[in-house]
Amino acid sequence: MAYQEQVRSLADTVQLYRKDPSGWRSCKRTNEVSIYWRPSTEFSGNIYKGDGIVFATPEAVWECLKPEAGGLRTKWDQNVKDFELIETISDTISICRTITPSAFMKIISPRDFVDVVLIKQYEDGTIASAATNVEHALCPPQPTYVRGFNYPCGCFCIPVPGEPGKTQVLTFFQTDLGGYLPQTVVDSFFPSSMAGFYSNLTKAVKTVKT
């Protein structure tokens, strides 16, 4: 399948997640975010949804979140050690590799993920990125990392009507971490990791000048 075709399917899928309220079960709540899960239809694990309000403009939040080499994401997101651009397909589509550090008291060893990434803007002012796993000749599996696989996931920066200094940040993660991890570890890791993501994002946006 050509990358463009895969991206069209990806965009439809994450937008469906955004619009579909059914079946979500609460699993964690903090001051920054409410986290939910339901069984994935893409693989044997779960999909997780995070929904929180960040006190910053969508542009400032996006500056922290946008998937780009040398961007801010590696500076504040504890789950992103490095981010590499493998190939630019168009202004809004690219192939990227994300490297994650060891986690969960080093029970989870370093991973890498290769994804096609789409950046999309909507008429209501929402800025979003979406990604899903691909294979790429320039980025075969490497012995120093366990290759993980992201299934359709996304991050939406949604303006809050009448409140320009607030942004709803809606995230969807469904990731096969690969390797041989107990399911209890995986089920514990994602909610706590996402809570950390929102907490660190809330702090990071305060340093952004727009």
Side-chain angles (χ1 to χ4, degrees), residues 1-28 32-54 58-59 61-68 71 73 77 79-80 83 85-98 100 111 113-136 148-160 167-177 186 190-191 193-195 197-198 201:
M1 180 188 295
Y3 290 130
Q4 285 85 349
E5 293 178 32
Q6 194 166 4
V7 161
R8 276 195 291 270
S9 173
L10 169 64
D12 291 343
T13 299
V14 294
Q15 183 69 352
L16 182 61
Y17 296 156
R18 179 185 174 186
K19 300 294 185 183
D20 181 11
S22 63
W24 296 104
R25 305 172 200 176
S26 177
C27 60
K28 193 174 185 70
E32 292 89 11
V33 63
S34 297
I35 301 168
Y36 308 86
W37 72 277
R38 70 185 187 192
S40 171
T41 58
E42 300 284 341
F43 77 122
S44 60
N46 298 323
I47 178 172
Y48 294 88
K49 175 173 75 170
D51 190 354
I53 296 293
V54 176
E59 292 77 18
V61 176
W62 178 248
E63 190 65 27
C64 291
L65 290 173
K66 62 183 175 183
E68 62 177 1
R73 188 74 177 265
D77 190 341
N79 291 314
V80 179
F83 188 86
L85 176 64
I86 304 300
E87 182 182 354
T88 299
I89 307 298
S90 73
D91 289 345
T92 58
I93 303 169
S94 57
I95 309 298
C96 300
R97 176 177 181 241
T98 305
T100 62
R111 260 68 178 164
F113 303 84
V114 179
D115 300 292
V116 58
V117 178
L118 167 69
I119 295 172
K120 188 175 177 68
Q121 290 190 277
Y122 295 85
E123 290 182 359
D124 66 354
T126 295
I127 314 169
S129 65
T132 192
N133 72 86
V134 292
E135 293 183 358
H136 196 284
F149 300 93
N150 287 318
Y151 291 89
C153 54
C155 184
F156 295 85
C157 299
I158 306 168
V160 177
T167 303
Q168 180 188 8
V169 179
L170 189 63
T171 57
F172 298 95
F173 295 98
Q174 51 181 341
T175 301
D176 179 354
L177 290 171
V186 176
F190 279 105
S193 172
M194 290 173 67
F197 171 92
Y198 276 83
L201 172 62

Original post:
How would you list, by chain and number, every residue that makes a ring pair (Phe, Tyr, Trp, His ring centres under 6.0 Å) with Phe190, sequence neighbours excluded?
Top reply: Tyr48
Original post:
Which heavy atom of Phe156 sits nearest a heavy atom of Ala128, and at what distance?
Top reply: CD2-CB, 3.5 Å
**OP:** Would you check if Phe149 and Gln174 make a side-chain contact, meaning some heavy-atom pair closer than 4.5 Å?
**Re:** no
Original post:
Are the side chains of Phe83 and Asp77 in touch, meaning some heavy atoms are under 4.5 Å apart?
Top reply: no
Subject >> Between OG1 on residue Thr13 and CZ on residue Arg8, distance to nearest 0.5 Å >> reply: 13.0 Å
**OP:** Identify the two heavy atoms, one from Ala131 and one from Val117, that lie closest to each other, and give their separation to 0.1 Å.
**Re:** CB-CG2, 4.1 Å
Subject >> SG-CG distance between Cys153 and Leu10, expressed to the nearest 0.5 angstrom >> reply: 7.5 Å
**OP:** Please assess Asn79 against Thr100 for the test side chain to side chain donor-acceptor pair (under 3.5 Å), listing each intermediate value before the final yes or no.
**Re:** CA-CA 5 Å; Asn79 291 314; Thr100 62; over 6 Å; no
**OP:** Can you measure from CD (Glu87) to SG (Cys96) and round to the nearest 0.5 angstrom?
**Re:** 10.5 Å
Subject >> Check ion pair Arg38-Asp20 (N to O, under 4.0 angstrom) >> reply: yes
Original post:
Is there a side-chain contact between Leu85 and Glu68, using heavy atoms and a 4.5 Å cut-off?
Top reply: no
**OP:** Output yes when a side-chain donor or acceptor of Thr88 lies under 3.5 Å from a complementary backbone atom of Ser90, and no otherwise.
**Re:** no
Original post:
Which pair of heavy atoms, one from Ile89 and one from Tyr3, lies closest together, and at what distance?
Top reply: CD1-CD1, 3.7 Å
Original post:
Can you tell me how far CD of Glu59 sits from NZ of Lys66, rounded to the nearest 0.5 angstrom?
Top reply: 11.0 Å
Subject >> Note, Met194 side chain near Trp37 side chain (heavy atom, < 4.5 Å) >> reply: no
**OP:** Could you go through the side chain to side chain donor-acceptor pair (under 3.5 Å) check for Gln168 and Asp51 one step at a time?
**Re:** CA-CA 7 Å; Gln168 180 188 8; Asp51 190 354; 3.0 Å; yes
Subject >> Main-chain N/O of Val169 paired to Tyr198 side chain as donor or acceptor, under 3.5 Å >> reply: yes
Original post:
Is there a side-chain contact between Val54 and Leu201 (heavy atoms, below 4.5 Å)?
Top reply: yes
**OP:** Using the side-chain contact (heavy atoms from CB on, under 4.5 Å) rule, take Gln6 and Val134 through it: C-alpha gap first, then chi angles, then the decisive distance, then the call.
**Re:** CA-CA 9 Å; Gln6 194 166 4; Val134 292; 3.4 Å; yes
Subject >> Closest heavy-atom pair and its distance - Ala195, Ile35 >> reply: N-CD1, 3.6 Å
Original post:
Any Lys/Arg nitrogen of Asp124 or Arg18 sitting under 4.0 Å from an Asp/Glu carboxylate oxygen of the other?
Top reply: yes
Subject >> Tyr122 six-ring centre to Lys120 NZ/CZ under 6.0 Å and within 45° of normal >> reply: yes
**OP:** Enter the distance from Arg111:CZ to Thr98:OG1 here, rounded to the nearest 0.5 Å.
**Re:** 14.5 Å
Subject >> cation_pi(Lys49, Phe172) dist<6.0 Å, angle<=45 >> reply: no
Original post:
Is the side chain of Asn150 donor-acceptor paired with the backbone N or O of Thr175 at a distance under 3.5 Å, no angle test?
Top reply: no
**OP:** Can you see which heavy atom on Thr167 is nearest to which on Pro58, and at what distance?
**Re:** OG1-N, 2.9 Å
Original post:
Got Ser40 and Asn46 here, is their nearest side-chain heavy-atom distance under 4.5 Å?
Top reply: no
Subject >> Worked verdict on Trp62 versus Ile119 for side-chain contact (heavy atoms from CB on, under 4.5 Å) >> reply: CA-CA 11 Å; Trp62 178 248; Ile119 295 172; 3.7 Å; yes
Subject >> Ile53 and Val160: CA distance, side-chain angles, deciding distance, side-chain contact (heavy atoms from CB on, under 4.5 Å) verdict >> reply: CA-CA 9 Å; Ile53 296 293; Val160 177; 4.1 Å; yes
**OP:** Could you check if a side-chain atom of Ile158 sits within less than 4.5 angstrom of a side-chain atom of Leu170, using non-hydrogen atoms only?
**Re:** yes
Original post:
Which pair of heavy atoms, one from Cys157 and one from Pro159, lies closest together, and at what distance?
Top reply: O-CD, 3.8 Å
Original post:
Atom CD of Glu42 and atom CD1 of Ile47: how far apart are they, to the nearest 0.5 Å?
Top reply: 8.0 Å
Subject >> Any side-chain heavy-atom pair of Phe113 and Leu177 under 4.5 Å >> reply: yes
Subject >> Parallel, tilted or perpendicular: ring planes of Phe43 versus Tyr151, cut at 30 and 60 degrees >> reply: parallel
